[in-house]
Amino acid sequence: MAKGPVPLIAGNWKMNGLRKGAEAEIRKLARLALKPKKLHCELVICPPATLLLAMQGWLRTARADRRIALGGQDCHAAPSGAHTGDISAQMLKDAGASHVILGHSERRQDHGETDATVAAKVAAAHAAKLTAIVCVGETLAEREDGQAEAVVARQIAASLPEGSRAGNTVIAYEPVWAIGTGRTPAPVDVARMHDRIRAILSERFRDGELFRILYGGSVKPGNAPDLLRIANVDGALVGGASLVAADFWGIARVRA
Ligand code: PEP
């Protein structure tokens, strides 16, 4: 891949992880990530919010907290208040997060999140000085209907608030049909979509060339080299494979 933004490899643990197993896995990852003299990519793990504080401590004691950052998986749009069960961006920050995944297709589907909801959450993340990893992507029906690019363009236009910039916002292109299925789009389709996303960002933002555009959806150590070499693929958002340190590192090392 040509020289561009520093790649970002982010792990989304989803609703997985209890302290016991998580500690062993994160310590393994810390050992792996500390091996190279210098890392040429950024690493972020987004565990369930219940693990953030503990994970911050494990990474610190392993002296890997400067190599592996932490993120949340969602936040509320308000900074505080009567929102039972929700977590604010400030709370994530307080628990050690520097990033937050927003607009994941599982949130859009399971919780009815619209682009407007996502935009409000992204603004809240920015206000709390978190980097928002904003997920976009088409369903299989939308792709088969030839609507993939239009859907993604609409999601990007409506999910990014004013104030978004390369330093506080990352886009994750995640075709919904590729998430957790073992299926990935053909490299030519990934390339086309990432080029389109780059063009959309460059049209709207002065620093559009500098935004990281991640690919997500069934990234594994075996297919990571092919996916991460595509132009305008500036890293990966990894679900299932991020739960196993060796697999996550097997992906990250491609850009490390
Ligand atoms: C995800 O949920 O963001 C994801 C990419 O999952 P998986 O890697 O398991 O497909």
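Computed over heavy atoms, backbone and side chain alike; hydrogens, waters and symmetry mates excluded. Read the numbers this way: they start at 1 and go in the same order the structure lists the ligands and their atoms. Quick note: residue numbers are just sequence positions, from 1.
Taking any N or O of K220, backbone or side chain, none lies under 3.5 Å from an N or O belonging to ligand 1. Distances between N or O atoms of E174 and those of ligand 1 include at least one value under 3.5 Å.
A salt bridge links R108 to D115: one of the charged nitrogens lies within less than 4.0 Å of a carboxylate oxygen.
With hydrogens and angles left out, the side-chain atoms of Y173 and Q155 include no donor and acceptor closer than 3.5 Å.
Counting heavy atoms under 4.0 Å from ligand 1, residue I179 touches it through both backbone and side chain. The part of A178 lying near ligand 1 is the backbone, judged by heavy-atom distances below 4.0 Å.
Between atom 10 (O) of ligand 1 and the options C135, G180, G11, G239, the minimum heavy-atom separation is to G180.
Near L237, meaning under 4.0 Å from any of its heavy atoms, are these atoms of ligand 1: 3 (O), 5 (C). The ligand atoms of ligand 1 that sit less than 4.0 angstrom from a heavy atom of G240 are 7 (P), 8 (O), 9 (O). In summary, the atoms of ligand 1 found under 4.0 Å from a heavy atom of G217, numbered by their order in the structure, are 5 (C), 10 (O). Listed by number with element, the atoms of ligand 1 under 4.0 Å from a non-hydrogen atom of K14 are 1 (C), 2 (O), 6 (O).
Note that CD of E138 is 4.5 Å distant from CE of M193, once rounded to the nearest 0.5 Å.
Taking both residues in full, the closest heavy atoms of E209 and P5 are given as O-CG, 4.1 Å, listed atom of the first, atom of the second, then distance.
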